[in-house]
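All values below come from the heavy atoms of this structure, side chains included, with hydrogens, waters and symmetry mates left out. When a ligand or atom number is given, it counts from 1 through the structure's own listing order.
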Amino acid sequence: MSWMRNYKYRWYETLAMNILKMGPLPKHIAFIMDGNRRFAKHSQIQKIDGHSKGFDKLTECLQWCLSMEIKEVTVFAFSIENFKRTQDEVDDLLRLAKEKFDKLLEEEKVLCENGVRIRIFGDLLLLPKDLQNVIAKAMLITEQNDKLFLNIAFAYTSHNEITTSIQEVIEDHGDLKKEDINEYLISKCLYMNSSPDPDLLIRTSGESRISDFLMWQLSSTVLYFTRALWPQLTLMDFLFGIFSYQLKKIQLTSLKTAIKTNSQNQNEICEDKSSLNQSNQYLSDRVYNFLRHVDIRRRHLLLDLTSSKKDDI
Ligand code: FPP
Ligand code: MG
């Protein structure tokens, strides 16, 4: 199954989409794709075929997001906790991911034509070398695209992400001072980096938990839980999620304004250099140099992973 596919909308689906487009739309949606194994059990197929159907649903969902002009999608594909599943299931899932990322590399041209940028959020070093290699390539070949950001959390948990970012601050601190470490700096060290936080999180399968996913980034996100198992998610379920976002948007706007005022004060220190006095200017340079260093180090890691020797793989 290709990463980019052509979903044929029925007339009432187009109508529902056009009506929703008249209201405020989320710019960034996150998905917890849950329920693949229960789907497999109900359909009397192998677990891995349930996960494979889950991948097909992801590609369908990307088309819906493109049609709804949603610019960023973040999906939870593999938690660090998932390594505790049976070895057979873990191996199957990692093999499936390798197969899909190989396919993605083959489809570079169509992804670039559609402006899709792929980013993998997670502790890549926990993965097998061949998977690290294709993931790094997928990130590098799409890094100039900016029409649709697809972030795939793989070997990810929020606890791990936050711990890693603190380790990065300590390792690369350079001239950083204690007072430079604020919410702005920490969020710049997280995988999402300069992306806006998700406006809407959709979790399937009837579970209403966050499961250690984007816990820093979901502070003012609308949460939508649906009973549909991930492979069974329909366009109408998805649109109900967006409708629920629109209903809550008015309450959310006032909450976000309050949070923004707080973090904006910190951002301005780092971003509006022209209005800074001498001592803040110095502070800004320290932060700027540190963040540049973090970016360069991450890019070098990707380049290293793409050039892993065949023997390592
Ligand atoms: C959760 O359902 C799903 C997963 C742990 C795997 C999700 C993976 C995919 C959809 C494939 C994605 C692949 C790429 C390359 C992005 P579950 O296993 O927890 O099912 P259950 O809740 O019914 O037990
Ligand atoms: Mg589950």
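For atom 17 (P) of ligand 1, the nearest non-hydrogen atom from the set Glu81, Lys98, Arg85 comes from Arg85.
Take a cut-off of 2.8 Å around the Mg ion (ligand 2): the protein N, O or S atoms inside it are Asp34 OD1.
Near Gly54, the atoms of ligand 1 lying under 4.0 angstrom from a non-hydrogen atom of the residue are 10 (C). Every atom of ligand 1 is numbered from 1 in the order shown, and the set under 4.0 Å from a heavy atom of Met33 is 1 (C), 2 (O), 3 (C), 10 (C). Heavy-atom proximity to Arg38, at under 4.0 Å, picks out these atoms of ligand 1: 21 (P), 22 (O), 23 (O).
Salt-bridge check for Glu207 with Arg209: passed, with a basic side-chain N closer than 4.0 Å to an acidic carboxylate O.
Of all protein heavy atoms, the one lying nearest to atom 13 (C) of ligand 1 is Phe55 CD1, 3.9 Å. Here the protein heavy atom with the shortest distance to atom 8 (C) of ligand 1 is Ala77 O, 3.5 Å.
Side chain of Gln217 to main chain of Asp197: no donor-acceptor pair is present (N/O by atom type, distance under 3.5 Å, no hydrogens or angles). Judged purely by atom type and a 3.5 angstrom limit, Asn182 uses its side chain to pair as donor or acceptor with the backbone of Tyr184.
Between Lys100 and ligand 1, no pair of N/O atoms sits closer than 3.5 Å. Considering backbone and side-chain atoms together, Trp230 places no N or O closer than 3.5 Å to any N or O of ligand 1. Backbone and side-chain nitrogen or oxygen atoms of Arg37 are examined, and one is located within less than 3.5 angstrom of a nitrogen or oxygen of ligand 1. For ligand 1, none of its N or O atoms has an N or O atom of Ser205 under 3.5 Å away. Here's the thing with Glu89: none of its N/O atoms is less than 3.5 angstrom from an N/O atom of ligand 1.
Using bins of under 30°, 30° to 60° and over 60° for the plane-to-plane angle, the ring pair Phe154/Phe78 lands in the parallel bin.
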Exercise. So Ser67 and Tyr7, side chain to side chain donor-acceptor pair (under 3.5 Å) or not? Walk me through it.
Worked result: CA-CA 10 Å; Ser67 302; Tyr7 184 88; over 6 Å; no
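Only side-chain heavy atoms of Asn82 come within less than 4.0 Å of ligand 1; its backbone N, CA, C and O stay farther off.
By the 4.5 Å heavy-atom criterion applied to side chains, Ile210 and Leu201 are counted as neighbours. Residues Asp130 and Lys98 meet the side-chain proximity criterion, which asks for heavy atoms closer than 4.5 Å.
Residues passing the salt bridge (charged side-chain N to carboxylate O under 4.0 Å, His left out) test with Glu69, sequence neighbours excluded: Lys21.
Residues in residues 40-62 take part in these ring-ring contact (aromatic ring centres under 6.0 Å, His included) pairs, two or more places apart or across chains: Trp3-Phe55. Residue pairs meeting the salt bridge (charged side-chain N to carboxylate O under 4.0 Å, His left out) criterion with at least one partner in residues 51-64, sequence neighbours excluded, are Arg5-Glu60, Lys57-Glu60.
Using modelled atom types and a 3.5 Å distance limit, the side chains of Asn82 and Ser79 yield no donor-acceptor pair.
Of the listed residues (Arg117, Arg119, Lys27), just one forms a salt bridge (Lys or Arg N to Asp or Glu O under 4.0 Å) with Glu72, and that residue is Arg119.
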